[in-house]
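What follows is a short report on a single structure.
Here is how names work: the chains are called A, B, and so on, in the same order as the sequence lines, proteins then strands, and each is numbered from 1. Quantities reported herein were computed from a predicted structural model and do not represent experimental measurements.
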Amino acid sequence: MGRTLVELFYDVVSPYSWLGFEVLCRYQHIWNIDLRFRPAFLGGIMQATGNKPPAMLPKRAEYLLKDIKRMAEYYQVPVQISGDDFQRILGKSTLGAMRFITAIDMTQPRYLEPLSREFWIRFWSQVAGQAGLSSEVAQKQLEMISSSAVKNRLKETTEEAIKYGAFGMPTVVAHFNGEPHLFFGSDRLELLGSIIGEKWQGPVPSVPSHKM
Amino acid sequence: MGRTLVELFYDVVSPYSWLGFEVLCRYQHIWNIDLRFRPAFLGGIMQATGNKPPAMLPKRAEYLLKDIKRMAEYYQVPVQISGDDFQRILGKSTLGAMRFITAIDMTQPRYLEPLSREFWIRFWSQHEDISQPENILAVAGQAGLSSEVAQKQLEMISSSAVKNRLKETTEEAIKYGAFGMPTVVAHFNGEPHLFFGSDRLELLGSIIGEKWQGPVPSVPSHKM
């Protein structure tokens with residue numbers, strides 16, 4: 001039986017996208033899925049839908065700060081943030097980063113997972129890390145990020161997410177029973193599992209022993 | 001060891017509150033918790049925080065319609081909705097219903113769970129009105145309240161005691177940090193922990209040292 005295609009549309013500005021990313025990375029070895037990473041631009045989705053970052057509502061921002069900490073701990077993702085950081089970080093533009101990730105997606109896709117993780121680590125954690133790209137390759141991709149090929153690719157991926165119905169991130173689209181099923185947020189992965197006939201084992205599932 | 005106090009602030013206008021309600025009702029027999037229902041007024045919370053119903057964003061409304069259906073099916077809660085219903089229902093006022101539920105909370109609290117459930121069934125499953133007095137009485141009857149008691153509490157809903165109680169409960173939710181519903185507050189390790197949404201119950205469990213078994217847990221056999 002074929003694997004279920006699961007697409008993850010994400011932008012590294014989004015900490016909840018990091019949570020969804022890590023959990024799906026774990027489940028790609030357990031569930032019968034083909035996980036495809038779709039780097040996209042959250043700013044573009046917001047603009048197209050009229051949506052606003054949730055942290056713009058003060059009481060919600062207070063809650064989000066606590067929520068992301070607790071969720072990150074439970075999901076075992078090293079998000080580390082404090083009061084001001086949250087608002088400051090959310091204000092930064094990740095267009096350059098997402099274009100760089102897109103360039104790597106187009107030329108060195110096997111680095112997409114570690115590279116995305118590295119960006120999140122640098123952006124949302126104080127832990128240092130390395131994605132393993134040689135500085136030569138990295139420099140070349142860096143030059144590419146202003147090329148129209150890369151800009152257009154990021155734009156197209158973003159528009160694809162919007163066409164599926166995305167209004168924020170993370171947006172996960174599972175192709176099941178001949179149609180796309182959209183899930184918004186890092187807290188719909190248990191539901192996703194139930195739709196595609198898989199069992200949720202929490203955000204940190206154990207890998208079956210025969211695969212170890 | 002004492003039970004963990006878990007408060008659920010809810011308004012029957014909110015379908016996600018129904019999901020959270022049913023799941024917590026199941027877990028109150030499994031987790032070491034003391035579940036307390038806190039009927040409150042979502043309109044009051046929205047006004048105090050400046051929040052708006054999520055369905056006001058068109059693309060989000062389209063998503064919510066699908067999301068509530070899938071979540072309700074997975075959570076085994078009989079929410080029935082279609083296109084227009086969603087927007088129409090969200091526009092209705094549940095102030096009278098929440099005042100009635102509050103009156104019952106003050107006088108016949110053991111009916112609070114079935115009564116809340118019957119309001120949700122009527123509103124979100126059968127799409128019937130819950131604002132007219134005769135309809136409130138019908139719901140009360142479904143919940144097992146005698147018509148005598150129901151009539152008496154219906155008259156109480158315009159009393160300042162009931163109005164104030166609903167207002168105070170709503171303000172308490174706001175003080176905890178609520179900006180929407182369902183809002184769950186778990187009192188653990190000497191402090192309140194607020195969770196927003198019907199999708200934070202697994203996390204709630206992990207915070208209070210309990211295991212999540214999905215939205216439809218099986219009751220341990222020795223309790224059957």
Side-chain angles (χ1 to χ4, degrees), chain A residues 16 19 23 45-52 54-76 161-168 171 173-174 176 179-196 199-204, chain B residues 16 19 23 45-52 54-76 173-180 183 185-186 188 191-208 211-216:
Chain A
Y16 289 101
L19 301 190
V23 173
I45 292 178
M46 295 292 197
Q47 192 171 45
T49 59
N51 198 8
K52 307 235 178 305
M56 284 181 64
L57 189 77
K59 277 296 174 188
R60 196 164 196 143
E62 285 177 39
Y63 173 75
L64 287 175
L65 187 61
K66 296 177 197 169
D67 187 58
I68 190 66
K69 282 183 189 173
R70 292 181 311 194
M71 287 289 274
E73 187 171 334
Y74 184 52
Y75 279 43
Q76 291 184 32
I162 292 165
K163 221 162 57 160
Y164 275 131
F167 50 87
T171 284
V173 180
F176 193 73
E179 52 178 307
H181 299 257
L182 188 145
F183 299 85
F184 166 65
S186 57
D187 45 28
R188 283 290 181 275
L189 303 178
E190 179 179 1
L191 180 69
L192 160 66
S194 84
I195 298 288
I196 66 173
K199 185 155 177 37
W200 176 248
Q201 302 173 48
V204 191
Chain B
Y16 288 101
L19 301 189
V23 173
I45 291 178
M46 294 292 196
Q47 190 169 43
T49 59
N51 198 8
K52 308 234 178 305
M56 283 181 65
L57 190 77
K59 277 297 174 186
R60 195 165 196 140
E62 286 178 38
Y63 173 75
L64 287 175
L65 188 62
K66 296 176 195 168
D67 188 60
I68 191 65
K69 279 183 191 174
R70 292 180 312 193
M71 287 289 274
E73 187 170 335
Y74 183 52
Y75 279 42
Q76 292 183 33
I174 293 165
K175 222 166 53 164
Y176 276 130
F179 50 87
T183 284
V185 179
F188 193 72
E191 52 178 306
H193 300 257
L194 187 144
F195 300 85
F196 166 65
S198 58
D199 45 28
R200 283 290 181 274
L201 302 178
E202 178 179 2
L203 180 68
L204 160 65
S206 83
I207 298 288
I208 66 173
K211 185 154 175 41
W212 176 248
Q213 301 173 48
V216 192

Determine whether more than 12 heavy atoms belonging to other residues, nucleotides or ligands lie under 6.0 Å from atom CD of B:Gln213.
yes
*Would you check if the side chain of B:Tyr63 reaches a backbone N or O of A:Phe184 as a donor-acceptor pair within less than 3.5 Å?*
yes
So, the part of A:Phe183 with a heavy atom under 4.5 Å from chain B: the answer is both
In terms of heavy-atom pairs under 4.5 Å with chain B, the winner among A:Lys59, A:Glu62, A:Glu190 is A:Glu190
Applying a strict 4.5 Å limit to non-hydrogen atoms, the region of B:Leu57 in contact with chain A is side chain
Does any non-hydrogen side-chain atom of A:Arg70 lie less than 4.5 Å from one of B:Ile207? yes
Checked B:Arg60, B:Glu73, B:Met71, B:His193 vs chain A; the most non-hydrogen pairs under 4.5 Å come from B:Arg60
